There are 2 protein chains.
Amino acid sequence: MASAGPNEPQQSGEQLRQMLPELNSARPTIAEIARRAGVNKSTVSRALRDDPSIPQATRQRIQDLAAQLNYVPNASARHLNHARTDTIALVSRALNLDTGAGSADPFLVELLAGIADEAASHHFDVLLVRAEEGERELGVYQRILGGRHADGVILTDLRPNDHRLAYLCRHRYPHVLFGRSAEDLAEARLYPYPWAEVDNRSGARIGTEHLIGLGHRRIAFIGGGDTYHWERDRRAGYREALARANLPYDPRLCIPSGISQKDGYLLTQQLLSWEEPPTAIFAISDVLAVGVMRAALDAGVQVGPAFSVIGFDGLGLGSYLTPPLTTLRQPINEVGRILVQLLCAVLRGTPPEEPHVFLQPELIVRASTRGY
Amino acid sequence: MASAGPNEPQQSGEQLRQMLPELNSARPTIAEIARRAGVNKSTVSRALRDDPSIPQATRQRIQDLAAQLNYVPNASARHLNHARTDTIALVSRALNLDTGAGSADPFLVELLAGIADEAASHHFDVLLVRAEEGERELGVYQRILGGRHADGVILTDLRPNDHRLAYLCRHRYPHVLFGRSAEDLAEARLYPYPWAEVDNRSGARIGTEHLIGLGHRRIAFIGGGDTYHWERDRRAGYREALARANLPYDPRLCIPSGISQKDGYLLTQQLLSWEEPPTAIFAISDVLAVGVMRAALDAGVQVGPAFSVIGFDGLGLGSYLTPPLTTLRQPINEVGRILVQLLCAVLRGTPPEEPHVFLQPELIVRASTRGY
DNA sequence: TTGTAAGCGTTATCAT
DNA sequence: ATGATAACGCTTACAA
């Protein structure tokens, strides 16, 4: 296979060093354009924004000149002048390598895609920020919002009594939340800033009811700690379904865990070694469910009728697993879009009539859950 | 389950509208600090950066005051002044919802995690930018780099004769590439800007040789178009292995496709309907391999000895598939870190001695490939 | 040790 | 229709 022709500039790697002094040069300013055009800076500024007070002819002349010189207005200068940056930040825990997830969280990309897409259509830049934990947690928001790296921020991984909320409200930092608790919905609707959330509790309840409907009675719920709304709510939905069906709640069947595939794998290995193992497992996320199914298969347990598995999230992956995974699909892309819309509305000064969006997940039944 | 106590400020959603005027207020400037401290702006500026010329006492006093007033220097002002933004941008195609991938690319998160982590440790912000296609492709770089939204940019999805390179070089826009061709490595080493790449060709060759070593003779290679280096190189590696083993190259067995699980699924369905189907499949990515394995299982073909499948990427997912997927692991996180290190070095004005990093992927043998 | 003033590149408010 | 000027918030010679 022939090499692609040498089309790029060819220089020794060392020559980069020689180019360095020029790196920051040669970007024309508005003053430069003005000088060359023989007009004032303000005329150029007007011409470039198609101000009708500038006659068509000069306008065109200046625009051509600017294009020819490859002029692009300096963002920092503009931001400084306008007192806004047209940038929103997404703060996410999933970017931390040491967060224990073991590997990438597919959820984040889906969300990011929605966010990036919508932000672009609003002419906003997107800043990606790692969430910090503990002492330095609030410092992140102070830096980004106080220092005006961004005009507003999207928060994820909300917790009960999340002290970030009080902090952001106190400082009037524009923000939008992904994740409120279904537990306090009435209260959450009073929150002054927008949020969007998927009904984790109902989702988990519906999923559990699905298992119960299939005849399962010993249903384990695995995954999640006690930290975030989404994990608490999903667990609550599980218990709610049991209660409604007058099934006893067995704490031994409700097992906390990490969020990686491996966690699901190890826990399921244990479960299956019980003398009376559960006949169905509700995994708190699709990622976890992957590990659960693998463990079952490795133990020679066929996933389906005798041992049903359901996940949560609706990752594209699910339908290609063996067997295909029943799950509760979240409209992740859409959540991303909505979050951006809500935040932009706030920044624009025109908050939406209903700033609180509560979406329903959708039960997708596949072969991993079958009648017992 | 009790609701989390009402800890957040409680206001009607409509009150947000009333708060709006205050949104952009109340962020103190350096002038404000100076006024309150009874000193000049420049003194404050110095005190805040621990300039030793300011006596310890005043320094402390000013720092306390700033902290108390929640002062954070305005990034735009600082950037304007310094003529740099301490921001790098990642331009990615994977953020486009309409890109045909169908869903999230897990690869991107892994890369992002590495990038975000390393960038943070260099005190750089990370801007996330969707790649455009066609006419508007270069406009993205003009806007980001010319407009100084970022100091430098990370390019992905490189193509042969990628005209972005000439463009960036011509304008002296600092950048680093993820993806050069193994086909023109000598030439690529002359490129003035840094790049990092994983040896896709060798990886694919080693993977194919693995299959050949297992006794497979009819080996299909599916996936990828003719656009990007990574897909061309992997295909080249496949052919190289065949050639070395004196196996004939059958064009019918080298099948282009999209990059989604579904593409892998549909193609494999077709393959299996042939009168003499291949006994092994090299899927150009792990994501594609997921679809391949699903199709095999659905067709009643057991993946393993009689029908081996190998992927490429080494996503965490692979070891939990059924059967676990043999693959070539790319050090994705590390690539992200390296890209940032290289770019920061350029921006710092101290380019590394060896700006071109070529990493080897690692063959990870699992149960999806077995002797034929 | 600290203050003064110029400058970063825009935009906006005056005038003219 | 266009020019002059101030302002955005910060840094940094240069003075004092």
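Order of the sequence lines sets the chain letters (A, B, ...), proteins ahead of strands, with each chain counted from 1. Computed from a predicted structure; not experimentally measured.
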Inset, instruction - Heavy atoms of chain B, cut-off under 4.0 Å: which first and last nucleotide of DNA chain C, 5' to 3', fall inside that, if you could look? - result: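 Here the contact window of chain B covers C/dT1 to C/dG9.
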Inset, instruction - Would you please indicate yes or no on a ring centroid separation below 6.0 angstrom for A/Tyr167 and A/His171? - result: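 Close enough - the centres of the two rings lie under 6.0 Å apart.
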Inset, instruction - Could you check if a side-chain atom of A/Leu343 sits within less than 4.5 angstrom of a side-chain atom of A/Leu339, using non-hydrogen atoms only? - result: no
Inset, instruction - Check whether any side-chain heavy atom of A/Arg180 lies under 4.5 Å from a side-chain heavy atom of A/Leu177, and answer yes or no. - result: yes
Legend entry - A/Arg84 and its side-chain hydrogen bond (donor to acceptor under 3.5 Å, both in side chains) partner, picked from A/Asp86, A/Asn81, A/Thr87: A/Asp86
Legend entry - Those residues of residues 62-75 of chain B lying under 4.0 Å from DNA chain D by at least one heavy atom: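 Heavy-atom contacts with DNA chain D come from B/Tyr71, B/Pro73, B/Asn74.
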Inset, instruction - Could you check B/Pro52 against B/Asn81 and say which one's nearest nucleotide on DNA chain C is further toward the 5' end? - result: B/Pro52
Give the table of side-chain donor-acceptor pairs shorter than 3.5 Å for residues 65-78 of chain B, with sequence neighbours excluded, one pair per line with atom names and distance.
unit_1, atom_1, unit_2, atom_2, d
B/Asn70, OD1, A/Tyr173, OH, 3.4
B/Asn74, OD1, B/Ser76, N, 2.8
B/Asn74, OD1, B/Ala77, N, 3.0

Legend entry - Enclosure of B/Gln56 CD (heavy-atom neighbours >12, cutoff 6.0 Å): yes
Inset, instruction - Can you sort out which residues in residues 38-50 of chain A have a heavy atom within less than 4.0 Å of DNA chain C? Ascending by number, please. - result: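 By residue number: A/Lys41, A/Ser42, A/Ser45, A/Arg46, A/Arg49.
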Inset, instruction - Using the test side chain to side chain contact (heavy atoms under 4.5 Å, CB included), find all partners of B/Thr156 that sit at least two apart in sequence or belong to another chain. - result: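 B/Thr156 satisfies side chain to side chain contact (heavy atoms under 4.5 Å, CB included) with B/Leu90, B/Ser92, B/Leu111, B/Phe178 once adjacent residues are dropped.
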Legend entry - Start and end of chain B contact along DNA chain D [non-hydrogen atoms, under 4.0 Å]: D/dG9 to D/dC14
Legend entry - Under 3.5 Å: donor-acceptor pair, side chain of B/Gln63, backbone of B/Ala47: yes
Legend entry - B/Asp151 side chain to B/Ile88 backbone, donor-acceptor under 3.5 Å: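 Not a single qualifying donor-acceptor pair exists.
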Just jot down the salt bridge (charged side-chain N to carboxylate O under 4.0 Å, His left out) partners of [X], sequence neighbours excluded, or say none.
{"X": "A/Asp125", "answer": "B/Arg143"}
{"X": "B/Arg35", "answer": "B/Glu32"}
{"X": "B/Glu137", "answer": "B/Arg159, B/Arg164"}

Inset, instruction - Looking at every strand, decide which applies to B/Thr58 at a 4.0 Å heavy-atom threshold: base, sugar-phosphate, or nothing. - result: sugar-phosphate
Inset, instruction - Could you tell me which residues satisfy ring-ring contact (aromatic ring centres under 6.0 Å, His included) with B/His175, sequence neighbours excluded, listed by chain and number? - result: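 Here the qualifying residues are B/Tyr191, B/Tyr193.
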Legend entry - Partner residues of B/His79 under the ring-ring contact (aromatic ring centres under 6.0 Å, His included) criterion, sequence neighbours left out: none
Legend entry - Residue closer to the 5' end of DNA chain D, A/Pro55 versus B/Thr29 (nearest nucleotide):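 The residue closer to the strand's 5' end, by nearest nucleotide, is A/Pro55.
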Legend entry - Helix axis bend for the helix from C/dT1-D/dA16 to C/dT16-D/dA1 - C1'-based end axes, five pairs, 10° rounding: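 Terminal axis comparison yields 50°.
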